[in-house]
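This report refers to the structure that appears directly beneath it.
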Amino acid sequence: MSTRLSNAQIAWRAAQDIEDGAYVNLGIGFPELVAKFQPPGRHAIFHTENGVLNFGESPPEGEEDWDLINAGKKAITLKPGAAFFHHADSFAMVRGGHLDVAILGTYEVAETGDLANWSTGPRGVPAVGGAMDLVHGAKRVAVITDHVTKDGRPKLVERCSLPLTGVGCVTRVYTSLAVLDIEDRHFVLREKLPGISVDELQGLTGARLVIPATVGDLVAPEV
Amino acid sequence: MSTRLSNAQIAWRAAQDIEDGAYVNLGIGFPELVAKFQPPGRHAIFHTENGVLNFGESPPEGEEDWDLINAGKKAITLKPGAAFFHHADSFAMVRGGHLDVAILGTYEVAETGDLANWSTGPRGVPAVGGAMDLVHGAKRVAVITDHVTKDGRPKLVERCSLPLTGVGCVTRVYTSLAVLDIEDRHFVLREKLPGISVDELQGLTGARLVIPATVGDLVAPEV
Amino acid sequence: MDKTVPDLAAAVAGITDGMSLMVGGFGGSGAPIELIHALIDQFKATGSPGRLTIINNNAGNGRVGIAAMIDAGMVEKMICSFPRSADPRAFTEKYLGGEIGLELVPQGTLAERIRAGGSGIPAFYTPTSYGTDLAAGKPIAEFEGRHYVQERWLKADAALIKAELADLLGNLTYRKAARNFSPLMAAAAKLTIVQASRIVAPGEIDPEHVITPGIFVDRIVEVADPQQEEALMRDGVAYA
Amino acid sequence: MDKTVPDLAAAVAGITDGMSLMVGGFGGSGAPIELIHALIDQFKATGSPGRLTIINNNAGNGRVGIAAMIDAGMVEKMICSFPRSADPRAFTEKYLGGEIGLELVPQGTLAERIRAGGSGIPAFYTPTSYGTDLAAGKPIAEFEGRHYVQERWLKADAALIKAELADLLGNLTYRKAARNFSPLMAAAAKLTIVQASRIVAPGEIDPEHVITPGIFVDRIVEVADPQQEEALMRDGVAYA
């Protein structure tokens with residue numbers, strides 16, 4: 001058994017929690033993978049900030065229509081029952097709490113639910129896009145992420161060290177090692193890889209884990 | 001020569017100041033008459049609060065479509081190039097200052113530009129509709145009114161005695177006796193009926209008139 | 001996903017005592033008469049829902065629609081801009097008798113408060129009503145030398161909406177000026193209930209022509225030949 | 001009334017040094033390339049307009065459109081949410097060199113500020129950015145137990161908009177997701193200039209399908225086969 005889930009497997013796990021008919025916004029990049037792993041028989045309706053509801057997969061190369069793109073500026077297609085709308089209406093959907101789920105990537109997430117996913121500090125060109133709106137935009141804001149950074153530091157922390165995207169907004173975290181809920185300003189462990197002990201997981205986490213009586217096995221297929 | 005203009009003549013006079021292509025909202029009732037008197041070759045575009053631009057005259061009786069009405073709930077027709085929109089967009093046009101002219105009826109108008117046209121006091125059922133929005137809604141807010149009330153009291157006053165619709169919003173007043181601009185918190189006389197003297201007019205007005213060097217004759221055809 | 005429900009009774013199920021209810025329409029245009037009457041039927045059969053707060057531009061006309069709800073004794077308070085109509089007896093009598101409450105809101109402010117409610121904007125500033133009795137008690141602020149009144153969002157427990165077309169996902173179009181407040185209310189209510197003249201398959205409404213995207217809609221019921229308030233009044237109908 | 005102008009040069013006439021300019025589009029979709037390039041032509045010929053503040057979701061891509069305006073030295077400041085793109089050199093180099101200003105605004109707040117600018121709403125409250133660096137210095141208020149940031153309206157001296165259809169009165173439709181910020185910007189600018197793929201007679205656009213009513217539009221020019229940013233980049237075009 002692998003010692004950690006791949007990005008695709010993390011996305012697969014997050015996809016299992018999306019209900020049939022849910023309205024979902026997937027952040028640019030890694031979170032877009034989630035759309036590939038909808039369980040059979042379930043059909044989420046995907047929203048993109050630039051004014052489309054109910055879009056589908058990318059078109060074949062060479063058949064792109066560049067007036068039909070997602071927030072990441074990638075070409076998309078429409079499913080039957082799609083709708084176009086302008087940016088203010090699009091963010092009315094977001095800010096107004098009409099989305100059921102938003103799934104975002106992150107640099108850090110704190111046990112308080114604080115999220116830092118837009119800026120790695122004062123160097124370079126800052127860019128925020130829709131991130132700060134999306135964290136206030138859904139009934140459920142989830143994060144998918146490696147459990148630690150490439151150089152092994154925890155991404156789940158007591159307090160974010162990077163500039164915040166939002167305060168107290170995240171309720172669930174899917175990592176390469178575990179699934180955790182954020183409740184009462186603590187990470188509550190719901191599932192972990194069978195091959196890792198609670199102590200090992202705590203050692204890779206920058207905040208105290210709350211361990212309930214039952215912790216499920218985090219098992220994802222090869223995808 | 002008549003001693004005062006009829007309502008239709010007051011409306012005719014107000015219509016002469018509306019430019020070709022102007023976007024215009026006419027208040028419910030008496031102001032609606034203004035639309036009948038557009039000078040030849042000029043085509044204003046009429047807006048109604050309930051979400052129509054570029055509507056035309058009433059349909060023949062029996063041919064009403066009750067999904068096609070104006071703010072006064074009267075059946076209307078469309079001109080080519082009309083548009084429908086929802087109430088928030090409609091009042092974005094109003095509040096955002098996109099209308100060129102709003103023409104309203106009134107109970108009282110003060111030399112400060114204050115308008116009182118929505119309530120005659122605490123008795124009965126209060127109703128405001130779009131009046132308070134419209135007074136902030138146009139580049140030019142004009143009033144059409146008899147110069148005095150039915151029992152002879154001035155409607156042009158120093159300070160309104162009735163509940164205000166808006167503060168400092170009116171810039172021009174068309175009455176049964178005169179045309180006046182409101183400038184620097186005073187009524188400035190622009191035109192008067194040839195048959196009335198300035199002193200007589202002052203006697204029928206509840207605030208001091210400013211009389212410029214040139215005062216035009218207010219002459220309206222029989223309409 | 002299919003948001004249709006089998007009949008009007010199922011469409012209005014779950015609206016309970018004391019709720020706030022947005023009702024689309026401006027006068028008769030866009031008034032969801034069949035949904036309102038279904039709610040009156042439920043009230044007559046069960047005594048509920050009562051003590052409702054109704055949000056609409058007007059306060060009913062004649063003896064049908066919102067006026068019939070008032071006649072039936074279901075309405076505790078109206079939030080509206082213009083509680084007058086060709087035949088305003090239902091509201092007027094109860095209002096003058098102190099039996100019904102009224103929050104009077106300028107029409108554009110009413111629209112913007114509902115739009116704010118659906119858009120996650122808890123408050124905004126408007127020039128409308130500054131210096132008037134309707135601004136009494138509200139915060140005032142100055143921006144760029146001009147005074148503005150702070151207004152709060154308006155949401156509701158449920159909305160009753162009349163559409164022209166609905167697809168199964170809840171994408172809506174409206175007929176002419178019957179659009180008015182309905183797209184705003186659909187977004188501002190927790191439970192948005194739609195009567196549509198025709199229900200179609202997803203894809204039959206051009207995505208460019210959708211006025212209310214389905215995300216704002218919870219239930220759809222087909223009412224093929226909806227009644228128009230003006231026709232009911234002409235025929236002297238009293239529903240309550 | 002006929003709002004058409006004869007050519008692109010006439011369309012962009014009167015935009016002068018120091019103005020604020022809203023430019024429709026999200027990435028390449030909806031970018032009014034021909035209007036932007038006409039403005040660059042004017043700058044090359046006359047040295048004006050310069051010192052512009054440009055309002056757009058992004059800050060240009062490659063060497064065309066807004067990026068080419070930046071390359072040409074016409075832009076003093078960008079107001080945008082995401083000044084990154086496939087090829088962000090034009091902005092990045094000038095920004096890191098301290099030659100161009102940046103006001104970074106969350107995307108939904110940018111949209112709402114522009115919508116407020118067109119709607120006569122000088123300020124509103126949003127949950128977005130509360131507790132973050134982008135709320136620094138802004139008034140905070142609590143409503144119903146939650147904190148919100150006060151944001152101000154955003155207006156502009158002119159807007160450059162790309163539409164699909166325009167009628168002579170300025171009623172507009174857009175093509176697919178090219179709609180994005182354009183209807184908001186059309187309402188928020190003093191002078192709204194539109195390039196449309198086709199200009200039609202009044203009445204040829206169904207009144208139910210109008211997205212931007214003509215009241216928000218000042219000038220229209222027909223650009224029958226508009227260039228798409230992605231195609232220009234693929235072909236390595238540099239306009240400035």
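What you are looking at is a predicted structure, and each value in this text was computed from that prediction instead of being measured. Proteins come first, then strands; the chains are lettered A, B, ... in the order of their sequence lines, and each starts at number 1.
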Using 0.5 Å steps for rounding, measure from the [atom1] atom of [X] to the [atom2] atom of [Y].
X	Y	atom1	atom2	result
A:W118	D:S81	CH2	OG	11.0 Å
A:E49	D:N57	CD	CG	9.5 Å
D:T212	A:H86	OG1	NE2	8.0 Å
A:N50	D:N180	CG	CG	7.0 Å

In terms of heavy-atom pairs under 4.5 Å, which option from [options] contacts chain A the most?
options	result
D:G108, D:A31, D:S29	D:G108
D:G131, D:P127, D:A111	D:P127
D:A178, D:A59, D:P83	D:P83
D:V105, D:I211, D:L134	D:L134

Answer yes or no: does atom [atom1] of [X] have more than 12 heavy-atom neighbours from other residues, nucleotides or ligands under 6.0 Å?
X	atom1	answer
D:R146	CZ	yes
A:E61	CD	no
D:E99	CD	yes
A:K36	NZ	no
A:D184	CG	no
A:R185	CZ	no

Go through the atoms of [X] and report whether side chain, backbone, both or neither lie under 4.5 Å from a heavy atom of chain A.
X	value
D:S85	neither
D:F91	side chain
D:F181	both
D:L110	neither
D:R234	neither

Give, as side chain, backbone, both or neither, the part of [X] having an atom under 4.5 angstrom from any heavy atom of chain D.
X	value
A:T165	backbone
A:F84	both
A:V52	side chain
A:N70	backbone

Most chain D-contacting option - heavy-atom pairs closer than 4.5 Å, from [options]:
options	value
A:T48, A:L68, A:I69	A:I69
A:P126, A:G166, A:A82	A:P126
A:A116, A:G51, A:A88, A:G129	A:G129

Plane angle bin for D:F26 and A:H87 - parallel if under 30°, tilted between 30 and 60°, otherwise perpendicular
tilted
Is any side-chain heavy atom of D:Q107 closer than 4.5 Å to a side-chain heavy atom of A:F91?
yes
With the side chain counted from C-beta on, respond yes when A:R95 and D:E112 share a heavy-atom pair under 4.5 Å apart, and no when they do not.
yes
How far apart are the closest heavy atoms of D:R179 and A:F85, and which atoms are they?
NH1-CA, 3.7 Å
Grab the two heavy atoms, one from D:P106 and one from A:M132, that are nearest each other, plus how far apart they are.
CG-SD, 3.9 Å
Check for me whether the distance between the ring centres of A:H136 and D:Y130 falls short of 6.0 Å.
no
Check each of D:K176, D:R175, D:K162 against A:D67 using the side-chain hydrogen bond (donor to acceptor under 3.5 Å, both in side chains) test, and report the only one that passes.
D:R175
